[in-house]
Enquirer: 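Okay, here's the structure, questions in a sec.
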Number of protein chains: 2
Amino acid sequence: MATIRDVAKEAGLSTGTISKALSTPERVSAKNLAKVEAAIAKLNYKPNMLAQKFRSNESKTIVVLVPDIANVFFAKVISGIENVAQQSGYSVLLGDTKDSSSREKSFIQMVETRLADGIINLRPHTSDSALPQEGICAVSATSSENTPYPSVRIDNVGASAEVVKYLLSLGHQRIGVISGLTDNPHAIDRLKGYRSALADADIPYTPDLIVEGDFNYASGLSAVDQFLAMSEPPTAIFCMNDEMAIAAIKGISDRGLKVPEDISVTGFDDMDVSSYCRPPLTSVAQPAEQIGERSAEMIIRMLRQSDTDGHEYVMPHRLIIRQSTAIAKLNPNVSSIK
Amino acid sequence: MATIRDVAKEAGLSTGTISKALSTPERVSAKNLAKVEAAIAKLNYKPNMLAQKFRSNESKTIVVLVPDIANVFFAKVISGIENVAQQSGYSVLLGDTKDSSSREKSFIQMVETRLADGIINLRPHTSDSALPQEGICAVSATSSENTPYPSVRIDNVGASAEVVKYLLSLGHQRIGVISGLTDNPHAIDRLKGYRSALADADIPYTPDLIVEGDFNYASGLSAVDQFLAMSEPPTAIFCMNDEMAIAAIKGISDRGLKVPEDISVTGFDDMDVSSYCRPPLTSVAQPAEQIGERSAEMIIRMLRQSDTDGHEYVMPHRLIIRQSTAIAKLNPNVSSIK
DNA sequence: CTGTTAGCGCCTTCAC
DNA sequence: GTGAAGGCGCTAACAG
């Protein structure tokens, strides 16, 4: 492989001149520039970026920590990160943690060992999170309230409250929740929104109406089974993501009940499929790609100025009303069993 | 930041010994090993991997070229790649090309400039592909037939033929196709399978029954509209992926027709959602994660032995029959309009 | 087993 | 505008 020295020799110049011709061509005479170009072309020279990075002590790389890349929402955020990173000359290293904390640590190590300059974390912050960490430049994307380092997120509490208020406005009083794992920060925020909306409407909070899910289809299905086994099932179910909502609709339909006539169902995230499934799902849209873009901009700025100020961006969300929700039945057919 | 020299000074040893203690501790005396460890701990020394890579001239990094990371199928393949890469000490650099060939080239450059050792390409090979390229170690994953470099794929032709044969066995004779873009290699392979199954059953091929889609929901919806506007619509529609199939079902239902009673619909890829939507979708499952794992194993082996042999792995697929397909109506209700 | 030393490829002074 | 030289952090080769 040709090195800068080979080019220098070929062009009859010094390595310093070649280097300058590459970085600041305007400060090299036209004649020599031509020689350099000819030599580069002849030798098919490609600068060794590994050497450049080593010398500049900058990897120009961002690690993205993601719990599960096969989740469309995360994938979209990553796509947004990539857009911005690429534009700014950064590469994106994928850190699929598969929810293992040892993997998480090994990715954080990459920053300590100079393989990466910073981290964008797509896992919400919990008490046992390895981040933030002294000397590690990190941004939390898709975070929850009270994340102790710079973050980009939506207002989960407000969004959930909005969903629940909408259901209340349709006359629903018994509103079930298919939650995420109880200790998941998003689940906590969204439950908070649910409770505040109920409180505003003077409806008592009934813990039995909260069923724990795990943000995947299977858990949505088993959760809805629990609701349907109740003597008085809810007339509406607020699911904390679309996967669980779609599964819930399936579960309800499999029992011969109808969405939204018998039970209304809402989701969260507004996946692409949610407007194509039947019935199209009422859901909360998050600007996933923009969250990614914003996070990337943020960390790149921090990296450049090395100012780790505690910004927090709250991005807008939008409640999208489709056909999975309707006015509550006065006498829900299921309760007639009683 | 502490360097290996600082550690050497602190431990009262030479840099060479520190280096050896780190790489081959068994070849350093126990006494000195302890000193080294103490010094490392005291200084909180972390080896500079950028320097290591520079010196070894190996980036231990694989670039994954993907058309669209927000597509679940690709995301799963990437997840598989990550599994294996991580185990073997490789990092995965994300190359979301957004179908831009300039972006594609810039990622390929990374190998030439030493930022990456090899490439796994998730875009199927076409005549204007930049890969394969002299001196670039690359593997094509999710490829189509006749890819001119090492590849991992399923038998798209066979899988499609299987789907169509199954539909034929249900009595369908007019089988529509919602295809990918006409020049997409997967679309080409799958159409080939469709035609061969028809030929085997002595059913003439009718070009009108092929409608071009683009592997996304919107195109599925508009394609199905074309079918339903026909004087004699097909009684079954073979969609080249699940997105388009789900959209097709929506389109059919919106017109007051029923799947599968009036029209059968099949998909391809077997996304998670496909078993949860209604009706659950008959589809072809591809082992996405395994395709990724296999690709990663392959390129790592090639990198190690620098033997660019032309292997081609064909992974198993599986036709999964669910409720979106049924026996053909003798008198399809739509044709009664005539 | 340990120390010494010479670079890897590049960029950046600093003279000229 | 250009050349010479030093050094980034690390490892490998060799000498002791």
Side-chain angles (χ1 to χ4, degrees), chain A residues 1-40 43-61 89 109-117 135, chain B residues 1-40 43-61 89 109-117 135:
Chain A
M1 279 274 93
T3 76
I4 203 170
R5 259 190 298 264
D6 300 324
V7 177
K9 204 174 295 171
E10 175 70 30
L13 296 164
S14 74
T15 59
T17 306
I18 312 299
S19 177
K20 212 164 295 172
L22 254 30
S23 56
T24 49
E26 67 277 12
R27 316 177 122 223
V28 169
S29 70
K31 205 182 63 177
N32 282 346
L33 208 55
K35 281 199 218 167
V36 173
E37 276 164 13
I40 287 179
L43 300 175
N44 189 29
Y45 166 75
K46 309 275 177 190
N48 182 335
M49 305 274 275
L50 230 41
Q52 279 181 214
K53 292 186 172 189
F54 162 59
R55 194 172 188 292
S56 67
N57 201 22
E58 241 199 329
S59 66
K60 285 283 189 181
T61 299
Q109 280 231 12
M110 294 192 145
V111 177
E112 304 182 306
T113 60
R114 305 306 210 306
L115 282 188
D117 297 334
Chain B
M1 280 275 92
T3 75
I4 202 170
R5 258 187 298 261
D6 299 325
V7 177
K9 205 173 297 172
E10 176 69 30
L13 295 166
S14 74
T15 59
T17 306
I18 311 299
S19 177
K20 213 163 295 172
L22 255 30
S23 57
T24 47
E26 67 278 10
R27 320 182 115 212
V28 170
S29 70
K31 205 182 61 175
N32 282 344
L33 209 54
K35 283 199 216 167
V36 173
E37 276 163 14
I40 287 179
L43 300 174
N44 189 27
Y45 165 76
K46 308 276 176 188
N48 183 334
M49 305 274 274
L50 231 41
Q52 278 180 215
K53 291 186 170 187
F54 162 59
R55 192 164 192 301
S56 67
N57 200 22
E58 241 200 330
S59 66
K60 284 283 188 182
T61 299
Q109 279 230 13
M110 295 192 140
V111 177
E112 303 181 306
T113 61
R114 305 306 210 303
L115 282 188
D117 297 335

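In what follows, chains carry the letters A, B, and so on, assigned in the order in which the sequence lines appear, proteins first and then strands, with residues in each chain numbered from 1.
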Enquirer: State whether the side chain of B:T113 and the backbone N or O of A:P47 hold a donor-acceptor pair below 3.5 Å, judged by distance alone.
Expert: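 Not confirmed, B:T113 side chain does not pair with A:P47 backbone.
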Enquirer: Which pairs count as side chain to side chain donor-acceptor pair (under 3.5 Å) when at least one residue sits in residues 43-52 of chain A, sequence neighbours excluded?
Expert: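 Residue pairs passing side chain to side chain donor-acceptor pair (under 3.5 Å), neighbours aside: none found.
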Enquirer: Side chain of A:R5, heavy atoms from C-beta onward: which of D:dG9, C:dC8, D:dT2 has the nearest atom to it?
Expert: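 Shortest atom-to-atom distance from the side chain points to C:dC8.
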Enquirer: D:dC10, D:dT2, C:dC11: which one has an atom nearest the side-chain heavy atoms of B:A51?
Expert: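 For the B:A51 side chain, the nearest candidate turns out to be D:dC10.
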Enquirer: Does C:dC11 have its OP1 or OP2 closer than 4.0 Å to a side-chain nitrogen or oxygen of A:S19?
Expert: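 True: A:S19 side-chain N/O within range (under 4.0 Å) of C:dC11 OP1/OP2.
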Enquirer: Hey, is the side chain of A:R55 pairing donor to acceptor with the base of C:dC11 inside 3.5 Å?
Expert: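 Donor-acceptor pair under 3.5 Å: yes.
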Enquirer: Rounded to whole angstroms, how far apart are CG on A:N57 and P on C:dC10?
Expert: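 Spelled out: CG on A:N57 to P on C:dC10 is 17 Å.
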Enquirer: May I have the distance from B:I4 (atom CD1) to C:dT5 (atom C1'), rounded to whole angstrom?
Expert: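 Rounding to the nearest Å, CD1 of B:I4 and C1' of C:dT5 are 14 Å apart.
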Enquirer: When you compare the side chain of A:D117 with that of A:V111, does any pair of heavy atoms fall below 4.5 Å?
Expert: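 No; the side chains remain at least 4.5 Å from each other.
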Enquirer: If you check every side-chain atom of A:N32, which of D:dG1, C:dG9, D:dT11 has the closest atom?
Expert: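 Nucleotide nearest to A:N32's side chain: D:dG1.
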Enquirer: When the nearest nucleotide of DNA chain C is assigned to A:M1 and to A:S23 on a heavy-atom basis, which residue is associated with the more 5' position?
Expert: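 This one resolves to A:M1.
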Enquirer: Kindly say if A:S56 contacts the phosphate of C:dC11, meaning a side-chain N or O under 4.0 Å from OP1 or OP2.
Expert: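 No, because none of the side-chain N or O atoms of A:S56 sits under 4.0 Å from OP1 or OP2 of C:dC11.
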Enquirer: Send over the distance from A:E58 CD to D:dC8 P, rounded to a whole Å.
Expert: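 Taking atom P of D:dC8 as the reference, CD of A:E58 is at 18 Å.
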Enquirer: To the nearest angstrom, how far is B:Q52 atom CD from D:dA12 atom P?
Expert: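 Spelled out: CD on B:Q52 to P on D:dA12 is 10 Å.
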Enquirer: Name all residues meeting the side chain to side chain donor-acceptor pair (under 3.5 Å) criterion together with A:S23; count only those two or more places apart in sequence or in a different chain, and write none if there are none.
Expert: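 Listed in chain order: nothing, the list is empty.
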Enquirer: Listed in order of residue number, which residues of residues 10-17 of chain A have a non-hydrogen atom at under 4.0 Å from DNA chain D?
Expert: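 Going residue by residue through residues 10-17 of chain A, the ones with a heavy atom under 4.0 Å of DNA chain D turn out to be A:L13, A:S14, A:T17.
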Enquirer: Within a reach of under 6.0 Å around NZ of A:K60, are more than 12 heavy atoms found that belong to other residues, nucleotides or ligands?
Expert: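 Enclosed: over 12 neighbouring heavy atoms sit under 6.0 Å from NZ of A:K60.
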Enquirer: Can you figure out which of D:dC10, D:dC8, D:dT2 approaches the side chain of A:F54 most closely?
Expert: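 Between D:dC10, D:dC8, D:dT2, the one nearest the side chain of A:F54 would be D:dC8.
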Enquirer: What I'd like to find out is whether the side chain of B:K53 reaches to under 4.5 Å of the side chain of A:K53, using heavy atoms alone.
Expert: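 When only atoms from C-beta onward are counted, A:K53 and B:K53 do not touch, as no gap falls below 4.5 Å.
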Enquirer: How long is the line joining OH of A:Y45 and P of C:dG9, in whole Å?
Expert: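 Computing the A:Y45:OH to C:dG9:P distance gives 10 Å.
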Enquirer: I need the CD1-C1' distance between A:I18 and D:dA4, as an integer number of Å.
Expert: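 In whole Å, D:dA4 C1' and A:I18 CD1 are 14 Å from each other.
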Enquirer: To the nearest Å, give me how far apart CZ (A:R27) and P (C:dC14) are.
Expert: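 It is 15 Å, rounded to the nearest whole Å.
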Enquirer: So which atom in A:I40 and which in A:L22 form the shortest heavy-atom distance, rounded to 0.1 Å?
Expert: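 Smallest heavy-atom distance, with atoms named: CD1-CD1, 3.6 Å.
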Enquirer: Take the protein atom NZ of B:K20 and the nucleotide atom C1' of D:dT11, then report the distance between them rounded to whole Å.
Expert: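 In whole Å, D:dT11 C1' and B:K20 NZ are 10 Å from each other.
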Enquirer: Choose from D:dT11, D:dG9, C:dG3 the nucleotide whose nearest atom is closest to any side-chain atom of B:N48.
Expert: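 That would be D:dG9.
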